[in-house]
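Chain identifiers are assigned alphabetically (A, B, ...) following the order of the sequence lines, protein sequences preceding nucleic acid strands; residue numbering begins at 1 within each chain. Just so you know, these numbers use all the heavy atoms, side chains as well, and skip hydrogens, waters and symmetry mates.
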There are 2 protein chains.
Amino acid sequence: MLITLDMTGEEPIYLQLRNEIVLGIGCGLLAAGEALPSVRQLAEDLGINAMTVNKAYTLLKDQGFIEIDRRQGARVRVAAQRTPHFPVLWQKQLSLLIAEARARGLEKEELVALCAQIFENPKQGGEGL
Amino acid sequence: MLITLDMTGEEPIYLQLRNEIVLGIGCGLLAAGEALPSVRQLAEDLGINAMTVNKAYTLLKDQGFIEIDRRQGARVRVAAQRTPHFPVLWQKQLSLLIAEARARGLEKEELVALCAQIFENPKQGGEGL
DNA sequence: TACCTTGTATTAGTAATCATAATACAGATA
DNA sequence: TATCTGTATTATGATTACTAATACAAGGTA
């Protein structure tokens, strides 16, 4: 999977990397059980420090998206993605985004249609606005 | 409208304040055209510095949620909330959240239903997960 | 054994953020 | 004149974020 980073922007590198991988999993570009590059390999490919990659991996592990074996490296988590409780922070962020949309005059039908569209292809995003 | 801040958490005060106001607008607790407290008044009520309130207000103004008249203070923006182009950052954040949901195994129907529910009452959030 | 790979703990240093405070100013209003 | 708006300025202290360099631990393999 191709990963591009914006080294000039304000978003931290490790967060960009984490988000790219989450998007990859969500889109199916990264299949369940698929191996991720080693921290050193990915760091070299991206031209960043290995600890920065490690920070992203650790974050993904703590959030339940990947598993890390000290011997064999990281891979996309197979099971248990369907956590019983969805993260509270996730719900708060979603509520805030929807509140912003309402404040800007978006109609309920538009929102629902947009969410359904993004669900199909999160990397493309919503082209209809 | 009642505003509560978490002074111990990690989220910046000015951001909490900004988000609370956005939620208030989105839920209709703050009507279009309604006046907001002055920066000094709100700062005193909340026990924070006036410049912190000013930072939140300036952010809300730059994002198109409120209008600020130097004479009469701030008020919820009446028109033009329906911006022709929805903020790119908003779409990116929504795409990321939906990708996270997919990665965790949420079904499309569940997502749509949840979004519709939150749209009705963003402050309540999604209780169904 | 020797060497490769893997992740990770530690340390460090630079930079940025955040909240606050004290003023001061411009403009409108009562 | 006195008082209310927002705002620009400057400063300060504390904290945190971010990235990097290095060394270590553990397992695989020739």
Whole angstrom is fine here: how far is it from [atom1] in [X] over to [atom2] in [N]?
| X | N | atom1 | atom2 | result |
| --- | --- | --- | --- | --- |
| B/L46 | C/dA19 | CG | C1' | 14 Å |
| B/I66 | D/dT5 | CD1 | C1' | 14 Å |
| B/Q72 | D/dC4 | CD | P | 16 Å |
| B/I68 | D/dA8 | CD1 | C1' | 14 Å |
| A/Y57 | C/dG7 | OH | P | 7 Å |
| B/K61 | D/dG6 | NZ | P | 12 Å |
| B/R75 | D/dT5 | CZ | P | 13 Å |
| B/E44 | C/dT20 | CD | P | 14 Å |

- Item | Nearest heavy atoms of B/I66 and B/A74, plus distance in Å |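 Smallest heavy-atom distance, with atoms named: CD1-CB, 4.1 Å.
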Within a strict 4.5 Å, meaning less than it, do heavy atoms of the [X] and [Y] side chains meet?
| X | Y | answer |
| --- | --- | --- |
| B/N19 | B/E11 | yes |
| A/L17 | A/L46 | yes |
| A/R104 | B/P87 | yes |
| B/Y57 | B/I21 | yes |

- Message: Strictly below 4.0 Å: does B/N54 bring a side-chain N or O up to OP1 or OP2 of D/dT7?
- Response: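 So the side-chain polar atoms of B/N54 do come within 4.0 Å of the phosphate oxygens OP1 or OP2 of D/dT7, strictly under.
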- Set of residues satisfying side-chain hydrogen bond (donor to acceptor under 3.5 Å, both in side chains) with respect to A/Q16, sequence neighbours excluded: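 Counting only residues at least two positions away or on another chain, A/Q16 forms no side-chain hydrogen bond (donor to acceptor under 3.5 Å, both in side chains).
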- Sugar-phosphate means primed atoms, P, OP1 and OP2; the rest is base. With that split, encode nucleotides 10-30 of chain D 5' to 3' as B, S or - using protein heavy atoms under 4.0 Å. --------SSBB-B---S---
- For DNA chain C, whose closest nucleotide is more 5', that of B/Q16 or that of A/G73?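 Taking each residue's closest nucleotide, the earlier one in sequence belongs to A/G73.
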